[in-house]
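Remarks on the structure that follows.
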Amino acid sequence: MIFSATACGPSGSSSITPSSSQENGEGSSVLDPNFQAINTGAYAPLKFKAEDFNLEGRKIVIATWDNVFMPPTAGASTADDMRLAHRQKIKEQYGFDLEYKNINGTLYPEQVASALYSGTFFADIIYMKVPSSCNLMANDMFQPLEEYVNFYDESLRSRSDFGLFNGHYYGLPATNPSPFVIAYNPAMLESAGADDPMDLYKAGNWNWDTMREIARKCTKDFDGDGQPDQYGLSSTAIRYLGFLNGVVGFGPKQNDKYVVDIFDEPFKNTMEYYQSYANEKLLDQTEKWGNYGGNTQNFVNGSLAMFLIPPWETNSSIYANGFEDFSVVPAPMGPDVDPENPVVIDLWSSVALIPYNASVDVKQLLTIYFGLDYNDPDDPETYVDPDDNVIESYSSKNHWRTVEEIQTYTDFQKKATNKVSYFNANDYFGAMYNMVEAELYQQVFQGESVVAALDKIKDSITAQVEELNQQ
């Protein structure tokens, strides 16, 4: 395993362990023929020789939001204590201290932008979600890092696009890709005579057809009034299904143009698939697709069989609202994705960025960054077994109930190809994103022709994207 489970989703930072190429001394030469690794272990991705230095007690300021990327908590677990011990060694080695600037997530992007545009010092290392950082990267508010970091190093390459913008690598990938999950009510499925999704997954039969068949069996009209009282799938699934079918929505530039694939066949197929649920009354909302709170309540109170969500929502939306007897399986890929090569399209990928007015030299900051959370197998005092950590993390943080669920998810996560989406980058693609939600999703939900609904927004979105391409 390359990364610790604490990196999954937006709730933790990566803890990098050696890749196989680093272990055999080959560095990342196989991945980047033009670069020969000059460091080992934590510092293998660096293009400069990592050397000792002493900052004589200087504080390195790290900015983050809503307790994301905060240091481990002393006494919370053996693993956290071991990570803290490693961090202390790094702090002593380079003679620095850490200060965390932890800000309310609603205010955070605006505060970062205000400081950077005014030239005011904000932090030495700034964590941000990729969609929130697009406009800042577009305006060159952060230092490009490709001169200093080999982003094709095996520890980074599967996530290197997280910080790639307009041909420059501004951000260090700070999270692992976060595959969507289907949280489901196993008791309800069993009562309805439906197959268990985990059994289907293990048998290689977990797909959009079998998911819809489960939804059909679980949708029930108990009082005979013609309206379901128990539902198959959450209505807000429309927001995520496209990503399961390989659609990024709006993505990083290719050939100097932003990717826009919502007018391609896979997205049309996705919308028609979702509409089949609406037509058969399998969705848990009847008036408006976007009632996430209603989805949550229906699942918690036992009237919804399957809930398509990001993985961390099992804690914040389900467990936190009092329902514990749920099960979890990776959400099935759509028909336009090769089932042998699943895709994770990441809406919540986060990066660590270094502003131009950082108080410490960029090489020193990068040395500290890569050293700070390295999981060193040669140090028995601080090494945390990644596989053990996976079980502990998902059990305690997301409240998944079985080792099988956790291992199935993390195995899926490791084999999937990762792509970055700017679909919810409200500071850059916001108007287009809002148009899709307001003028497409509701119309598809209500039964309008998918092709007709897409045609209505195509000219406007194409023009807006072209304007961005010219900037």
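Atom set for the values below is all heavy atoms of this structure, side chains included, hydrogens, waters and symmetry mates excluded. No experiment lies behind these values; they were computed from the predicted model shown.
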Does atom [atom1] of [X] have more than 12 heavy-atom neighbours from other groups under 6.0 Å away?
| X | atom1 | result |
| --- | --- | --- |
| Asp223 | CG | yes |
| Glu190 | CD | no |
| Glu340 | CD | no |
| Glu110 | CD | no |
| Lys458 | NZ | no |

Salt-bridged, Asp80 to Arg83, with N to O below 4.0 Å?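 Arg83 and Asp80: salt-bridged.
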Which pairs would a plain distance check flag for residues 296-303, meaning a side-chain donor or acceptor within less than 3.5 Å of a matching protein atom at least two apart in sequence or in another chain?
unit_1, atom_1, unit_2, atom_2, d
Thr296, OG1, Tyr292, O, 3.1
Asn298, ND2, Asp284, OD2, 2.9
Asn298, ND2, Gly294, O, 3.2
Asn301, OD1, Ser303, N, 3.2
Asn301, OD1, Ser303, OG, 2.8
Asn301, ND2, Gln297, O, 3.2
Ser303, OG, Asn298, O, 3.2

For the pair Ser349 (side chain) and Val130 (backbone), establish whether a donor and an acceptor sit closer than 3.5 Å, ignoring hydrogens and angles.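 No: the side chain of Ser349 does not pair with the backbone of Val130.
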Can a donor-acceptor pair be found, under 3.5 Å and without considering hydrogens, that links the side chain of Asp336 to the backbone of Asn245?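 No; zero donor-acceptor contacts below 3.5 Å.
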Kindly state whether the ring of Trp289 and the ring of Phe445 have centres lying under 6.0 angstrom apart.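 Distance test on ring centres: not under 6.0 Å, no.
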Answer yes if the ring centres of Tyr240 and Phe180 are under 6.0 angstrom apart, and no otherwise.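 Yes; Phe180 has its ring centre under 6.0 Å from that of Tyr240.
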Run the salt bridge (Lys or Arg N to Asp or Glu O under 4.0 Å) test against Glu280 and tell me which residues pass, sequence neighbours left out.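 With sequence neighbours excluded, Glu280 shows a salt bridge (Lys or Arg N to Asp or Glu O under 4.0 Å) to Arg216, given in chain and number order.
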Those residues that, when tested against Lys268, pass salt bridge (Lys or Arg N to Asp or Glu O under 4.0 Å) (two or more places apart):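 Here the qualifying residues are Glu265, Glu272.
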Should Arg401 and Glu324 be marked as a salt bridge (Lys or Arg N to Asp or Glu O under 4.0 Å) after you check the CA-CA gap, both sets of side-chain angles, and the distance that decides it? CA-CA 9 Å; Arg401 296 187 300 162; Glu324 300 180 15; over 6 Å; no
Measure up the Phe165 and Tyr428 rings against each other and bin them: parallel (under 30°), tilted (30 to 60°), perpendicular (over 60°).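 Phe165 and Tyr428: perpendicular rings.
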